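The structure appears right after this line, and notes come after that.
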Amino acid sequence: MEKIVISWFQEHQRDLPWRKTQDPYCIWVSEIMLQQTQVIRVIDYYERFLQQFPTIQLLATAPQSQLLKAWEGLGYYSRVRNMQQAAQIIMIEHHGVFPQTYSEIIALPGIGTYTAGAILACAFQQAYPAVDGNVLRVMSRMQADFSDISKPATKKMWEQYLAELMTTENPSAFNQGLIEIGALICTPTNPRCDQCPLHSQCQAVIHDYQDELPIKASKKPAKIYYYETFLLTDGDRIAIIENRQKGVLQHLWSLPQYQVENHDENQADITKIVKKNFHSTQEATYFGIYRHVFSHQIWWMRVWLVHVNVLPTPITGAFINQVDFLDYPMANSHRKIVKAFWGEIPLQVAEDIKKYK
DNA sequence: CATACGTGGGA
DNA sequence: TTCCCAAGTAT
């Protein structure tokens with residue numbers, strides 16, 4: 001199987017920017033970006049990130065806000081914070097040289113078994129497997145294995161299996177080939193088995209299990225949260241705050257908002273929130289209602305406009321205009337509201353969202 | 001082990 | 001609409 005995968009990859013691989021290099025830093029950046037993120041979304045971020053932070057040293061010393069800004073829109077923001085921490089470790093403990101052993105690489109924050117294997121194989125030609133979602137799908141079909149691929153134990157099983165199978169012939173092409181087959185041929189639905197180089201040795205094909213495999217437990221439904229969200233403005237600037245607590249969107253900036261049981265309250269309750277948190281008696285004007293869907297949370301944000309002349313003292317944040325705003329990393333959840341405020345995109349009202357209740 | 005952690009596109 | 005999915009890791 002190894003030779004088939006390697007030669008298929010050499011023939012059919014896509015032209016991707018990180019395939020032009022063997023520099024461990026570039027490979028590392030690409031692998032972190034590719035975690036849970038589609039190739040098509042990564043390409044532009046990858047080029048820009050390496051242009052802005054071309055060396056491990058520059059990554060290690062960059063202001064965190066610049067890193068988050070460069071990551072803005074990619075999601076899973078702890079990835080880039082971990083990457084900077086790892087860069088600092090490399091500078092101090094490895095004298096700025098990317099380590100070349102499995103134990104040293106996997107000890108770096110943000111690098112698990114998949115990423116360690118990918119770097120070792122792609123940058124250092126070492127025979128470690130890189131088992132991602134693609135590989136799990138390909139292997140479960142190949143061997144007609146009905147283990148739940150969402151279980152850590154299943155991943156561990158295939159890692160051991162592939163580690164024994166792999167040789168030093170071309171670990172990079174083998175790992176990437178298995179992944180590429182999963183991405184292009186052995187797709188989750190409607191796999192192109194007729195084009196698959198592993199067709200003749202695939203147990204799923206033999207037993208016609210292609211549509212039954214892989215087995216994967218369904219995710220739990222996202223939790224729903226309701227917020228009263230505020231646009232504090234003097235007409236020119238708005239108030240934003242940095243998320244300092246642990247949890248979602250850590251160290252990104254957001255609009256001030258307060259979680260509530262639901263949105264059935266009357267305007268008097270909003271006035272109370274304004275008075276308590278902003279020490280303002282200004283009236284809050286309804287702006288719109290926004291829904292934001294994360295992988296594991298759904299936010300309903302009811303947005304209110306409150307006029308203030310200065311940043312209210314209870315708010316520790318920034319009071320910024322449309323231009324300065326561009327320097328602050330902000331997740332899409334709030335960015336789309338601010339854009340609507342500045343008229344860059346249409347504003348959304350409750351009636352626009354049919355399922356709102 | 002199960003859950004937290006983003007985003008946008010496709011069926 | 002709703003659900004799933006994408007080159008996973010930390011806790």
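A note on names: the letters A, B, ... follow the listed sequences, proteins ahead of strands, and every chain is numbered from 1. Both backbone and side-chain heavy atoms feed into the values below; hydrogens, waters and symmetry mates do not. Computed from a predicted model, the values in this text were never measured in an experiment.
With ring centers used as reference points, A/Tyr290 lies 6.0 Å or more from A/Trp299. Aromatic ring centroids of A/Tyr128 and A/Tyr102 lie under 6.0 Å apart. Two rings, from A/Phe278 and A/Phe230, have their centers less than 6.0 Å apart. Residues A/Phe49 and A/Phe53 bring their aromatic ring centres within 6.0 Å. Ring-centre distance between A/Trp28 and A/Phe98: below the 6.0 Å cut-off.
Within 4.0 Å of A/Lys151, counting heavy atoms only, lie sugar-phosphate atoms of the nucleic acid but no base atom. Contact annotation for A/Leu16: base contact, defined as any heavy-atom pair under 4.0 Å involving a base atom. Counting any heavy atom pair closer than 4.0 Å across all strands shown, A/Lys223 reaches sugar-phosphate atoms only and no base atom. In this structure, A/Trp71 reaches neither bases nor backbone, as no heavy-atom distance under 4.0 Å exists between it and the strands shown. Counting any heavy atom pair closer than 4.0 Å across all strands shown, A/Val39 reaches a base atom. Within the 4.0 angstrom heavy-atom criterion, base atoms lie near A/Arg19. Among the atoms of the strands shown, none is found under 4.0 Å from any heavy atom of A/Ile32.
In this structure, A/Glu72 places its CD atom 15 Å from C1' of B/dG8, rounding to the nearest Å. Separating the CD1 atom of A/Ile40 from the P atom of C/dA7 is a distance of 13 Å, rounded to the nearest angstrom. Going from atom OH of A/Tyr114 over to atom P of C/dT9 covers 8 Å, rounded to whole Å. When rounded to the nearest whole Å, the span between CG of A/Leu74 and C1' of C/dG8 equals 14 Å. To the nearest angstrom, P of C/dA6 lies 14 Å from CD of A/Glu180.
Comparing atom distances between the A/His296 side chain and each of C/dT9, B/dC5, C/dA7 picks out B/dC5 as nearest.
Cation-pi contact between A/Arg48 and A/Tyr45: present, with separation from the ring centre below 6.0 Å and deviation from the ring axis of at most 45°.
Residues satisfying the side-chain hydrogen bond (donor to acceptor under 3.5 Å, both in side chains) criterion with A/Ser295, sequence neighbours excluded, are absent altogether.
Comparing A/Ile179 and A/Lys246, the nucleotide of DNA chain C nearest to each residue sits closer to the 5' end for A/Ile179. Place A/Ser150 and A/Asn332 on DNA chain B by their nearest nucleotides, and A/Ser150 ends up nearer the 5' end.
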Under 3.5 Å, N/O pairs linking protein and nucleotides 9-11 of chain B:
| from | atom 1 | to | atom 2 | distance (Å) |
| --- | --- | --- | --- | --- |
| B/dG9 | O4' | A/Arg41 | NH2 | 3.0 |

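No hydrogens or angles were tested; on distance alone, nothing pairs the side chain of A/Thr113 with the base of C/dG8 as donor and acceptor under 3.5 Å.
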